[in-house]
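Notes to accompany the following structure.
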2 protein chains.
Amino acid sequence: MADLSAPSEYSDTERTIFDAALQVFAREGRNGARMQGIADAADINKAMLHYYFRDKRTLYENVFAYTVRQFMASFDISLTEAPTFAETLRVFIDGYVDFVRTHDAAMRLMVQENLAGGTLLGEHMREATKTDRTPPSILVNTIEDAVEAGEIRPVDPHHAVLTVISTCLYFFVARPTVQILHPPAERDWDAFVEERKDHLFDLIYRGLAPRD
Amino acid sequence: MADLSAPSEYSDTERTIFDAALQVFAREGRNGARMQGIADAADINKAMLHYYFRDKRTLYENVFAYTVRQFMASFDISLTEAPTFAETLRVFIDGYVDFVRTHDAAMRLMVQENLAGGTLLGEHMREATKTDRTPPSILVNTIEDAVEAGEIRPVDPHHAVLTVISTCLYFFVARPTVQILHPPAERDWDAFVEERKDHLFDLIYRGLAPRD
DNA sequence: GCCTGGTTCAACCATTTGGTTAAACCATAC
DNA sequence: GTATGGTTTAACCAAATGGTTGAACCAGGC
């Protein structure tokens with residue numbers, strides 16, 4: 001199992017800083033984030049940031065490396081091979097949406113890095129693949145197998161996986177917009193999230209069902 | 001029809017600045033963007049930015065207001081009522097994906113504002129709704145009508161619309177990640193986009209088909 | 001020619017920001 | 001008690017950044 005919490009050898013103070021930094025970087029981006037802002041979020045003196053994580057770049061790289069590990073491992077974590085593809089998909093969607101809800105900031109930071117050009121993505125993803133050997137290709141393989149077994153119609157598994165990820169992830173990224181355009185999501189976000197799990201399973205499972 | 005290009009009364013210089021600012025804000029975010037960076041992207045002296053757009057905040061608000069107008073109008077533009085729902089959906093997906101491809105930076109800026117908390121979203125979206133009277137609810141209505149006509153099974157139209165938007169939009173946002181994880185998308189992005197239109201129509205249309 | 005107006009630029013200024021430092025704090029060991 | 005070592009803090013510094021300014025530039029009108 002991948003190391004999913006921030007590195008466990010962290011002291012309390014380091015964890016506090018790490019968590020605050022993740023939150024601020026996810027919101028403001030690599031360059032938009034201010035060291036003072038992170039210090040405030042951690043309710044700690046600014047000099048502590050430099051005492052524990054040399055400088056801004058080092059702090060960001062630590063937080064981002066962790067984020068990539070989260071992202072890479074998220075597929076593996078949510079995927080439990082069940083007797084039928086329908087069950088596997090249902091469990092995956094439920095698990096993945098819950099994962100994103102729980103690791104909201106990390107997912108938003110991944111998006112930030114993508115928007116910023118994704119220069120750090122390559123090496124860190126290769127790194128995470130080596131350490132955890134759980135690339136998203138496991139999910140792709142699951143779809144491939146289901147196609148071969150005739151459980152679903154022939155589809156490009158890469159597009160199918162991308163579609164699942166998009167639909168489970170994007171509404172968290174665009175949460176402010178969703179809540180403005182759809183008041184029920186504003187009134188009770190958690191209920192909206194649960195509704196969405198049902199909707200996504202229904203739509204995607206039917207969408208993948210074999211031709212009649 | 002909505003005013004989709006940057007305000008037409010702009011001079012050449014203003015347009016150059018505006019376009020450069022859109023690119024940089026979309027990449028770096030509201031606070032991450034640097035005025036010098038925008039000036040460089042526009043190949044223009046930094047003082048010009050202040051000559052034409054008072055200060056950073058004003059520049060951002062102008063660019064962002066335009067972006068919201070784009071986003072709000074995008075649904076209307078891509079939606080052409082066709083004889084059957086299948087055709088309407090096909091045309092919408094094709095049109096919307098093309099729209100996002102063309103207005104890539106504007107869409108990424110929308111995401112940036114969402115990540116940053118979306119404080120500006122509310123007023124600007126209300127503003128855009130007044131001016132253009134083309135909120136995304138038109139799309140919601142289209143789905144509702146198709147449900148009532150029995151062309152598709154009963155689904156929550158808000159979730160259905162969100163699913164369509166997510167799948168058409170997110171892979172542009174996460175393009176660097178997609179290209180790392182799926183080399184064909186790196187080798188020929190445009191071909192990948194075309195593939196994706198087909199995949200999305202197939203999956204979503206089957207997913208919405210009436211129960212047998 | 002030479003005004004006149006908008007436009008462009010290099011140099012400059014004030015504030016913010018990332019980062020440093022030296023002293024203070026506070027456990028624990030002796 | 002006090003020496004020791006890691007931890008925390010306020011004050012400080014240098015560079016980056018947003019923003020200003022006064023002069024130069026360059027049309028078009030006279």
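Letters go in sequence order (proteins before strands), and every chain restarts at 1. Values below: all heavy atoms of this structure, side chains included; hydrogens, waters and symmetry mates excluded.
- Atom P of nucleotide dT16(C) and atom CG of N31(B) are separated by 14 Å, given to the nearest angstrom.
- Screening residues 46-57 of chain B for side-chain hydrogen bond (donor to acceptor under 3.5 Å, both in side chains) gives D55(B)-T58(B), R57(B)-E61(B) as the qualifying pairs, with residues at least two apart or on separate chains.
- Within 4.0 Å (heavy atoms only), F53(A) reaches no atom of the nucleic acid at all.
- Judged as a side-chain contact (heavy atoms from CB on, under 4.5 Å), and not counting sequence neighbours, the contacts of R196(B) are H159(A), L162(A), T163(A), S166(A), T167(B), F171(B), F192(B), H199(B), L200(B).
- The 5' end of DNA chain C is approached more closely, in terms of each residue's nearest nucleotide, by S11(B) than by the other of S11(B) and M35(A).
- Rounded to an integer number of Å, the gap from L59(A) CG to dG19(C) C1' is 13 Å.
- The CD atom of E144(A) sits 9.0 Å away from atom OG of S137(A), with the distance rounded to the nearest 0.5 Å.
- For residues 19-38 of chain B, the set of pairs meeting the salt bridge (charged side-chain N to carboxylate O under 4.0 Å, His left out) definition, not counting sequence neighbours, comprises R15(B)-D19(B), R30(B)-E113(B).
- Counting non-hydrogen atoms under 4.0 angstrom, A33(A) reaches the backbone sugars and phosphates but no base.
- Atom CG of D43(B) and atom P of dT8(C) are 12 Å apart (whole Å).
- Scored by the side-chain contact (heavy atoms from CB on, under 4.5 Å) test, A82(A) finds E87(A), T88(A) as partners (sequence neighbours excluded).
- One atom, CG of L49(A), and another, P of dG18(C), lie 10 Å apart when rounded to the nearest Å.
- Each of L115(A), T67(A), L169(A) was evaluated against M110(A); a single residue qualifies, T67(A), per the side chain to side chain contact (heavy atoms under 4.5 Å, CB included) test.
- Read 5' to 3', the first and last nucleotides of DNA chain D with an atom closer than 4.0 Å to a heavy atom of chain A are dG6(D) to dA10(D).
- Atom CD in Q36(B) sits about 12 Å away from atom P in dC9(C), given to the nearest Å.
- In this structure, Y60(A) places its OH atom 15 Å from P of dG18(C), rounding to the nearest Å.
- Taking side-chain N and O atoms only, T13(B) has a distance below 4.0 Å to OP1 or OP2 of dT8(C).
- For the pair Y60(B) and L120(B), the minimum side-chain heavy-atom distance is below 4.5 Å.
- Ring planes of H103(B) and F99(B): parallel class, angle under 30° (limits at 30 and 60°).
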Contacts under 3.5 Å, N or O only, protein and nucleotides 20-23 of chain C:
none

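- Shown here is D190(B), whose CG atom has more than 12 heavy atoms of other residues, nucleotides or ligands within 6.0 Å.
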